[in-house]
There are 2 protein chains.
Amino acid sequence: MKISAQEEYGLRCLVQLASVTNGETLTLPQIAELEGISQSNAGKLMWLLNKSGFVKATRGTKGGYSLARPADEIYLSEVIKVLDDDEIEGHCGSYTGVLDSCVHTGDCGIRSVIVGLHEIVQNALSNVTLSQLVGTEKKVDERFHRIQRMAQ
Amino acid sequence: MKISAQEEYGLRCLVQLASVTNGETLTLPQIAELEGISQSNAGKLMWLLNKSGFVKATRGTKGGYSLARPADEIYLSEVIKVLDDDEIEGHCGSYTGVLDSCVHTGDCGIRSVIVGLHEIVQNALSNVTLSQLVGTEKKVDERFHRIQRMAQ
DNA sequence: TCTAATCTTGACTGAAAAGTAAAGATTTGA
DNA sequence: TCAAATCTTTACTTTTCAGTCAAGATTAGA
Ligand code: FES
Ligand code: FES
């Protein structure tokens, strides 16, 4: 159970956008610089985030990216859902074994675990917004854990 | 945040072993058949599970695999830790950007999320044992959710 | 208008994960 | 002893994911 590169770096880019003062934008070169990734890579991520409505992009001189909504209205659950191309529903159909689908179709204990885990993660993420990730690590860590405890 | 093929199929194989009556063994061809994967693939998974102490293997005629411990003493958290080659600790060092490590070394909100998510998942899995995955989907689903609620 | 800055898009390359194949090692039992 | 059944190990191939590149499209401002 790992977070993918796309999820992690996509989230990082969003956090950078959430950190700039309202109204300002960040250009691709800036984002790449801030996160230490190539401009090409940043471009691809931002394209995806734009396509899925998390950021607004303006081209041309003075252009750049900015959040499409206030940072405190963007929940990590939504973000991860897009960056991970969520397809938990089709799980039992995309089984890669020699059979056409899961062998236990219709009655299977594994599915409960896989779907259940997904729910747990989504639930945890749905309690955190982008704006809560801005700040020092200490503060963020406290917030994250406090939010987790409250959700229980 | 996806479960890897190795995690899923490794877990499936263990559940199969947990389902046979005590003392009996399953051979590679049997496991492969039961899970609908190739014998080679099953062999690789079982080799890993054997190496990490979850199953016992005996060679030769009448050989096969069996659980090394009772199914109700094997927690999913341990299993997944092995199948996922857990290395959350080194996260900030294995950054793949153009820089040597995470750019925010020392003060970063992303790390809290990544480490925190890992904790949440491990915590959920540490409340479920292999034996609880044996049975019909309905029962397993009930168990899983009940256990989750209790843990809160 | 024209140029520079900026995002967009699709194709390409490289790396990692997943799966397969084949030869080797061990054990049982005839 | 010998052969069949079984696990073990290493190497290989395929597929998927990550990252790069280059050409294109749009906008602002001189
Ligand atoms: S039938 Fe799909 S996970 Fe079991
Ligand atoms: S410094 Fe490693 S995740 Fe931020």
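Residue numbers begin at 1 in each chain, while the letters A, B, ... track the order of the sequences.
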Checklist entry - What parts of residues 21-28 of chain A reach DNA chain C, counting only heavy atoms under 4.0 Å away? => result A:Leu26, A:Thr27, A:Leu28
Item to check | For the student: nearest non-hydrogen atoms of B:Cys13 and B:Ile31, plus distance | outcome: SG-CG2, 3.7 Å
Checklist entry - What's the CG-C1' distance between B:Asn41 and D:dT13, to the nearest Å? => result 14 Å
Checklist outcome for this item: The reported gap from CD1 in B:Ile114 to CG in A:Leu11 (rounded to nearest 0.5 angstrom) is 7.5 Å
Item to check | Integer-rounded Å distance: C:dC7 P and A:Phe54 CZ | outcome: 19 Å
Checklist entry - How does each nucleotide of nucleotides 22-30 of chain D score, in 5' to 3' order, for protein heavy atoms under 4.0 Å: base (B), sugar-phosphate only (S), or none (-)? => result --BBBBBS-
Next on the checklist: Output the rounded distance in Å from CD (A:Gln30) to P (C:dA5).
Outcome noted: 13 Å
Item to check | For the student: nearest non-hydrogen atoms of B:Val134 and B:Ala18, plus distance | outcome: CG2-CB, 3.8 Å
Checklist entry - With sequence neighbours excluded, what pairs up with B:Ser112 under the side chain to side chain donor-acceptor pair (under 3.5 Å) test? => result A:Asp141
Next on the checklist: Using only atom types and a distance under 3.5 Å, with no angle test, would you say the side chain of B:Glu78 pairs donor to acceptor with the backbone of B:Tyr75?
Outcome noted: yes
Checklist entry - Taking DNA chain D as the partner, which of residues 43-50 of chain B come within under 4.0 angstrom of it by heavy atom? => result B:Trp47, B:Asn50
Checklist outcome for this item: Separation of D:dG19 atom C1' from A:Glu35 atom CD, nearest Å, is 16 Å
Item to check | Smallest separation among heavy atoms of A:Val128 and A:Leu133, with atom names | outcome: CG1-CD2, 4.2 Å
Next on the checklist: Counting only side-chain nitrogens and oxygens, does A:Tyr9 get under 4.0 Å of the OP1 or OP2 atom of D:dC17?
Outcome noted: no
Next on the checklist: What is the distance, to the nearest angstrom, from the CD atom on A:Glu7 to the C1' atom on D:dG19?
Outcome noted: 17 Å
Item to check | Distance in angstrom units between B:Gln39 CD and D:dT6 P, rounded | outcome: 9 Å
Checklist entry - How long is the line joining OH of A:Tyr65 and P of C:dA5, in whole Å? => result 17 Å
Checklist entry - Looking only at heavy atoms, what is the nearest atom pair of A:Gly63 and A:Thr25, with distance? => result O-OG1, 3.4 Å
Checklist entry - Roughly how many Å is it from CD in B:Gln6 to P in C:dA16, rounded to a whole number? => result 16 Å
Next on the checklist: According to side chain to side chain donor-acceptor pair (under 3.5 Å), who are the partners of B:Glu73, at least two apart in sequence or on a separate chain?
Outcome noted: none
Check: residues 39-61 of chain A side-chain donor-acceptor pairs under 3.5 Å, at least two apart:
| unit_1 | atom_1 | unit_2 | atom_2 | d |
| --- | --- | --- | --- | --- |
| A:Ser52 | OG | A:Leu48 | O | 2.5 |
| A:Thr58 | OG1 | A:Gly64 | N | 3.4 |
| A:Thr58 | OG1 | A:Gly64 | O | 3.3 |

Checklist entry - Considering all heavy atoms of both residues, which atom of A:Ser66 and which atom of A:Glu24 are nearest to each other, and what is their separation? => result CB-O, 3.9 Å
Checklist entry - Just by modelled atom types, is the B:Thr27 backbone N or O under 3.5 Å from a matching donor or acceptor in the B:Gln30 side chain? => result yes
